[in-house]
Amino acid sequence: MPGNLFSFFIWFSVAPFLYSFSKSKGTFERLFKVFLYSYSLMFSTLWWEIPVLTKNIPEVINSFPGYIGFLSFLLMIFILTLPYYIIWFLGELYFRKSRVIKFKSLILFSVFSYAAAEILKEFGDFAFTGGNLSDALYLHTGFLQILPYTGTIGLTILILTVNSIIAFIPNRNRKKYAIVIIGILYIINFSINEKLPLIKTDKNYIKVSVFQTNVPQEVKYSDNTWSSYVEISNYLQENNDKTDLLILPEAVFIRDIRDSDIFRIIQEAVKISNKNWIIGFPTVDIEKREFYNSALYINKNGEIEKIYNKIKLMPFAEFLPYESVFRIFSFFKLVNYYTPGKEFSTLNIKNKRFSVQICFETYFPEISRNFVKNGAQFLIAISNDGWFSHKTALIQHFSKSIFRAVENRRTFIQVSNTGITGIIDKYGRIVKTLPIKTYSNENFYVQAENTKTFYTQYANVIIILVLILAILFSLI
């Protein structure tokens, strides 16, 4: 997985599980192996959550002890493994007494049952796409060019096909086939990567400023709003660039400041800067008594032109799933429980349309997809990743922006409080990133795009097709 060891391992690291699963002697053995595999996969992928839950969050919000955080991490990992049990369920259909197991059918079953599990990870209140096999190849730009046609599930199917061949080929041929197949794949990856065109900026480009505030969480969550304002003020004094748009991170302030003196001062700063701003902080609908995690789009006249409310919320931190069951975990609430937004709204600058999404939303392809369907010509995400002590967490989060860029053939900008802040072109190449955990800024040139990919338009068909094939290859 991104930030862990070597991506090369992905081509054969699933093979032992697939082989062992196929050799299981009964229902409970298969069930145990799915548990063992999926739990170890998610644990070794998300290990960086341990210091977040046992130290970082408890020290800032002081609502639970560290050992509770660790026990909750173990439970969280189990919940995240639940979609993988579709492999066990389909296995019960496949490994029936009347089944004549053949090499090709075993490969097709293994590939599509696992692919079905990854698709199911996108749905429900506990949805989370971290730990997908495709994540390992986020820097393999040649391989990524399959994404505009299939999304990341196509990359997962390729990885699983190679692993299945290695798992089920006779022992005497296994090493030879593995070397040949993986060698050919890397030649293809290199060849495609070398032939990708350079992005040339033309008169349609937008010049964007990004600002990585690097405000510590203990300062931010002390509700010391003036500290965040000082960071913005310092930035404005140091930079007088002629850009069209300034993007600040998620949760620059942790409460709704629209009726405060600070916001009025910020509105004046917007006018002086002569550019539009995106800034993140929670907003409150007093009449409905609803809280939202929001990104505000302020035009150069200092007026709030539009507010985007986060649609995909983080379980426990931003909303409480299945309240009757998980009410005891309400202590994980960071500030407020939010109401999910409903509108995939696009914003306008210089007659170009774009969208902004917030943090966790980059893990879900449908968010970016729906923005592009609504006319977004480039994509932006703002985030507050200051909770994470280890760079691995930042890399895994940023890798999702790469996939969203390629799937939709859109330039993607991520701006985070502590990083990773950077820009990715429509082919998934990282153009520029800022040093993590620094007070930093940069100007990017963004090219507007209009074409919609096959995946953008027909992703739901692909999802349904994979699920149908998973069932068919288990039965037929």
Side-chain angles (χ1 to χ4, degrees), residues 56 60 206-283 293-305 334-335 349 356 358-359 380-389 391 394 397-398 413-423 431-446:
N56 300 356
V60 172
I206 305 294
K207 191 175 181 183
V208 174
S209 299
V210 298
F211 177 28
Q212 185 172 282
T213 49
N214 197 41
V215 176
Q217 299 296 77
E218 55 269 23
V219 173
K220 185 185 295 291
Y221 283 83
S222 68
D223 199 18
N224 188 347
T225 52
W226 286 103
S227 294
S228 292
Y229 168 73
V230 167
E231 296 294 313
I232 297 173
S233 178
N234 291 340
Y235 167 82
L236 293 172
Q237 290 176 25
E238 296 165 5
N239 297 273
N240 189 25
D241 44 47
K242 294 182 179 179
T243 57
D244 305 305
L245 178 66
L246 170 63
I247 310 171
L248 293 96
E250 173 197 17
V252 174
F253 305 98
I254 63 163
R255 63 180 176 85
D256 193 341
I257 63 165
R258 286 178 294 173
D259 291 328
S260 69
D261 291 336
I262 286 181
F263 190 69
R264 285 184 279 276
I265 295 171
I266 286 176
Q267 287 177 303
E268 292 303 314
V270 174
K271 295 177 186 177
I272 295 170
S273 71
N274 195 35
K275 66 187 72 173
N276 295 4
W277 285 29
I278 290 174
I279 184 170
F281 56 79
T283 58
N293 187 351
S294 304
L296 287 80
Y297 186 44
I298 307 173
N299 64 31
K300 60 180 65 176
N301 296 320
E303 302 163 340
I304 299 175
E305 193 166 303
L334 295 179
V335 180
I349 186 167
V356 57
I358 301 174
C359 192
I380 293 169
I382 60 173
S383 181
N384 174 27
D385 288 344
W387 295 110
F388 307 128
S389 306
K391 189 176 180 180
L394 306 181
H397 191 183
F398 189 69
I413 297 174
Q414 177 173 300
V415 181
S416 179
N417 175 30
T418 55
I420 298 173
T421 296
I423 181 171
V431 179
K432 175 82 173 180
T433 59
L434 278 59
I436 65 170
K437 299 183 180 180
T438 60
Y439 172 94
S440 187
N441 63 278
E442 187 62 77
N443 295 335
F444 297 142
Y445 294 90
V446 181

Heavy-atom pair with the smallest gap, counting every atom of [X] and [Y]:
| X | Y | result |
| --- | --- | --- |
| S389 | N56 | OG-ND2, 2.8 Å |
| V210 | T421 | CG2-CG2, 3.9 Å |
| I382 | I247 | CG2-CG2, 3.7 Å |

Fill in: Side-chain touch L245/I380, heavy atoms, less than 4.5 angstrom
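Yes. Closest side-chain heavy atoms under 4.5 Å.
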Discussion item. When you compare the side chain of N293 with that of E250, does any pair of heavy atoms fall below 4.5 Å?
Written reply: yes
Worksheet item: Hey, are S209 and N443 close enough side-chain-wise for a donor-acceptor pair under 3.5 Å?
Response: yes
Mind checking side chain to side chain contact (heavy atoms under 4.5 Å, CB included) for [X] and listing every partner two or more places apart, or none if nothing turns up?
| X | result |
| --- | --- |
| Q217 | V60, K220, Y221, N384, W387, N417 |
| I436 | K391, L394, I420 |
| I262 | T225, W226, Y229, F253, I257, S260, I266 |
| V230 | N234 |

Worksheet item: So, does H397 use its side chain to make a donor-acceptor pair with the main chain of C359 at under 3.5 Å?
Response: yes
Fill in: Main-chain N/O of T438 paired with Q212 side-chain donor or acceptor, under 3.5 Å
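Yes: the side chain of Q212 pairs with the backbone of T438.
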Item to complete: With sequence neighbours excluded, tell me which residues meet side chain to side chain donor-acceptor pair (under 3.5 Å) with S383.
Response: D385
Response to the item:
Interatomic distance, CG@N214 vs OG@S416, rounded to 0.5 Å, equals 9.5 Å
Listed by chain and number, what are the salt bridge (charged side-chain N to carboxylate O under 4.0 Å, His left out) partners of [X], not counting sequence neighbours?
| X | value |
| --- | --- |
| K207 | none |
| E268 | K271 |
| E303 | none |

Discussion item. Enumerate the salt bridge (charged side-chain N to carboxylate O under 4.0 Å, His left out) contacts for residues 236-246, please, sequence neighbours excluded, ordered by first and then second residue.
Written reply: D241-K275, D244-K350
Can you give each donor-acceptor pair under 3.5 Å made by side-chain atoms of residues 276-283, sequence neighbours left out, with the distance rounded to 0.1 Å?
unit_1 : atom_1 : unit_2 : atom_2 : d
N276   : OD1    : K300   : N      : 3.0
N276   : ND2    : Y297   : OH     : 2.7
W277   : NE1    : S273   : OG     : 3.1
T283   : OG1    : S294   : OG     : 2.7

Practice prompt. With sequence neighbours left out, write down each residue that passes ring pair (Phe, Tyr, Trp, His ring centres under 6.0 Å) with F388, or none if nothing qualifies.
Written response: W48
Discussion item. If the condition is ring pair (Phe, Tyr, Trp, His ring centres under 6.0 Å), which residues does F211 pass it with, not counting sequence neighbours?
Written reply: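 For F211 the ring pair (Phe, Tyr, Trp, His ring centres under 6.0 Å) partners, ignoring immediate neighbours, are Y235, Y439.
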Worksheet item: Can you list the steps and then say if I304 with F263 is a side-chain contact (heavy atoms from CB on, under 4.5 Å)?
Response: CA-CA 11 Å; I304 299 175; F263 190 69; 3.7 Å; yes
